[in-house]
Number of protein chains: 2
Amino acid sequence: MGRPALTRDAVLDTAAGLVKEHGPAALTMRGLAAELGTAVTSIYWHVGNRESLLDALAERTAAGLGEIRAAGRTPARRVVSVALALRRHLLDHPHLVAMVHERGLTERMFLPAQQALVHEVHAAGLRGARAASVVRAVTFHVVGHVLVERARERAPLRHPGEPDLWDTGAADDDPALARALARPADPERLFDLSVRALVDGLLTRG
Amino acid sequence: MGRPALTRDAVLDTAAGLVKEHGPAALTMRGLAAELGTAVTSIYWHVGNRESLLDALAERTAAGLGEIRAAGRTPARRVVSVALALRRHLLDHPHLVAMVHERGLTERMFLPAQQALVHEVHAAGLRGARAASVVRAVTFHVVGHVLVERARERAPLRHPGEPDLWDTGAADDDPALARALARPADPERLFDLSVRALVDGLLTRG
DNA sequence: ACCTGAACACCGTTCAAGT
DNA sequence: ACCTGAACACCGTTCAAGT
């Protein structure tokens with residue numbers, strides 16, 4: 001009767017739930033204790049302090065990214081498909097990924113994806129340090145792009161007068177460009193364009 | 001005599017100093033008041049609350065990025081040179097830039113750089129929405145790359161057993177690749193490689 | 001071994017009161 | 001118009017005490 005015994009895993013589970021829903025900033029020790037139905041201080045016995053709780057959570061999340069399968073006919077397309085899948089996954093778990101990222105564990109998290117990329121890059125005829133750089137460049141690009149996207153989402157409402165910085169002759173004689181830059185970017189299309197360009201550039205260089 | 005009158009600008013100045021040195025998390029209202037030699041509550045009269053103080057600080061920093069000059073002979077090289085300069089600037093002011101980024105003001109901050117990029121992309125013969133996408137892809141890439149770099153710096157000491165995930169046959173028959181991926185990335189070289197590839201890819205596409 | 005409440009040193013913020 | 005101290009509702013963390 002009463003609550004089931006409090007375990008380290010139970011603490012991590014409900015902590016993960018809170019972070020997934022409201023972000024790491026919303027995870028307080030007292031709130032977590034309330035959710036668990038225990039005293040705050042019990043948590044400390046099981047997981048140390050808040051910092052190591054978040055560390056453990058990040059480890060867990062980093063380990064949770066499963067296999068990623070490439071799709072497409074050419075190596076370039078297959079690499080791009082991995083990048084797209086990776087981006088999808090990151091966007092689907094924004095809070096948890098942010099936590100992993102802040103703790104510098106992103107690289108470990110991406111190990112399965114990197115193995116898939118290695119395979120494709122080999123198929124494209126690259127080997128050794130050269131191939132490694134390509135794999136890394138692609139993962140950096142994906143993570144970076146998603147981070148920038150997410151920052152844009154968080155952006156406050158546009159400040160008055162900002163969009164038309166591009167209208168007022170800043171882009172001299174190219175009104176179509178001015179209009180395009182005055183509009184918010186379409187992250188989906190932008191990502192597609194840039195990974196394709198990046199991968200093409202990486203795979204075709206001497 | 002005594003302290004010079006407390007002004008909104010004085011508050012922002014010393015707040016900027018604290019953030020620049022120790023990061024936004026280290027900026028407390030009480031600590032700021034102590035630094036200013038006033039009561040905590042005086043700050044509230046001048047800048048509202050902590051959140052709007054950080055907003056104002058971000059605005060300020062975003063406006064502070066000056067002109068960026070391109071260098072090099074071909075348009076591609078000139079675009080790359082802008083990207084390199086941008087990265088330099090971001091790495092030189094990590095805390096302030098993080099603040100701007102978290103508030104989604106990065107795009108505004110990069111307006112001068114984007115204007116330089118527009119010029120070069122025009123020189124490369126691209127116009128309109130196509131040119132706009134190239135400009136955006138490059139800025140996204142730069143910001144994203146720097147964000148990933150900075151996360152890697154923050155990374156804790158490597159966990160035991162992690163580096164050799166690549167040694168133990170994960171990268172089948174390419175030991176040079178395995179060695180390269182087991183080593184930490186060289187961000188300088190990686191950035192150079194990836195912007196060049198990206199810009200090449202973007203400028204040569206039909 | 002596990003859980004607890006009390007206590008400490010911090011936060012940001014409000015408010016009534018001063019000049 | 002500007003500055004103040006007291007007070008409130010929060011934090012994370014430690015510790016002695018319970019079972």
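Below, chains carry the letters A, B, ... as their sequence lines are ordered, and counting in each starts from 1. Keep in mind the model is a prediction, meaning the values are calculated, not measured.
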Presence of salt bridge, Asp192(A) and Arg87(A), under 4.0 angstrom: no
Ionic contact status for Glu188(A) with Arg88(A), cut-off 4.0 Å: yes
Atom pair distance, as rounded to whole Å: CG in Leu53(B) and C1' in dG12(C): 12 Å
Who pairs with dA16(C) - Watson-Crick or G-U, where each distance is under 3.5 Å: dT4(D)
Check: His141(B)/Ser194(B) side-chain N/O donor and acceptor closer than 3.5 Å: yes
Value in whole Å for how far the P atom of dC3(D) lies from CZ of Arg8(B): 14 Å
G-U wobble or Watson-Crick pairing nucleotide for dC10(D) (cut-off 3.5 Å, both distances): none
Rounded distance in Å - CG (Leu54(B)) to P (dG12(C)): 10 Å
Whole angstrom value for the distance that separates P of dA6(C) from OH of Tyr44(A): 17 Å
Pairing of Asp55(A) and Arg50(A) as salt bridge, 4.0 angstrom limit: no
Sugar-phosphate, base or nothing in reach of Leu32(A), heavy atoms under 4.0 Å: nothing
Whole-Å distance separating the CD1 atom of Ile43(B) from the P atom of dG5(D): 13 Å
Pairwise side-chain contact, Phe191(A) with Val142(A), heavy-atom cut-off 4.5 Å (strictly under): yes
Minimum-distance nucleotide (side-chain atoms of Arg50(A) versus dG5(D), dT13(C), dT13(D)): dT13(D)
dA1(D) phosphate, OP1 or OP2, under 4.0 Å from His46(B) side-chain N/O: no
Nearest-Å distance for atom pair CE/P, residues Met29(B) and dG12(C): 7 Å
Sugar-phosphate only, base, or nothing, as touched by Ser42(B) at under 4.0 Å among non-hydrogen atoms: base
Out of dC3(C), dC11(C), dT4(D), whichever nucleotide has its closest atom nearest the side chain of Arg30(B): dC11(C)
Donor-acceptor pair under 3.5 Å, Thr41(A) side chain vs dG5(C) base: yes
Rounded distance (Å) that lies between atom P of dC11(D) and atom CG of Leu18(A): 12 Å
Phosphate OP1/OP2 of dG12(D) contacted by Asn49(A) side-chain N/O (<4.0 Å): no
Out of dT13(D), dC3(C), dT4(C), whichever nucleotide has its closest atom nearest the side chain of Thr38(A): dT4(C)
Selected nucleotide, minimal atom distance to Trp45(B) side chain, candidates dC3(D), dC11(C), dT13(D): dC3(D)
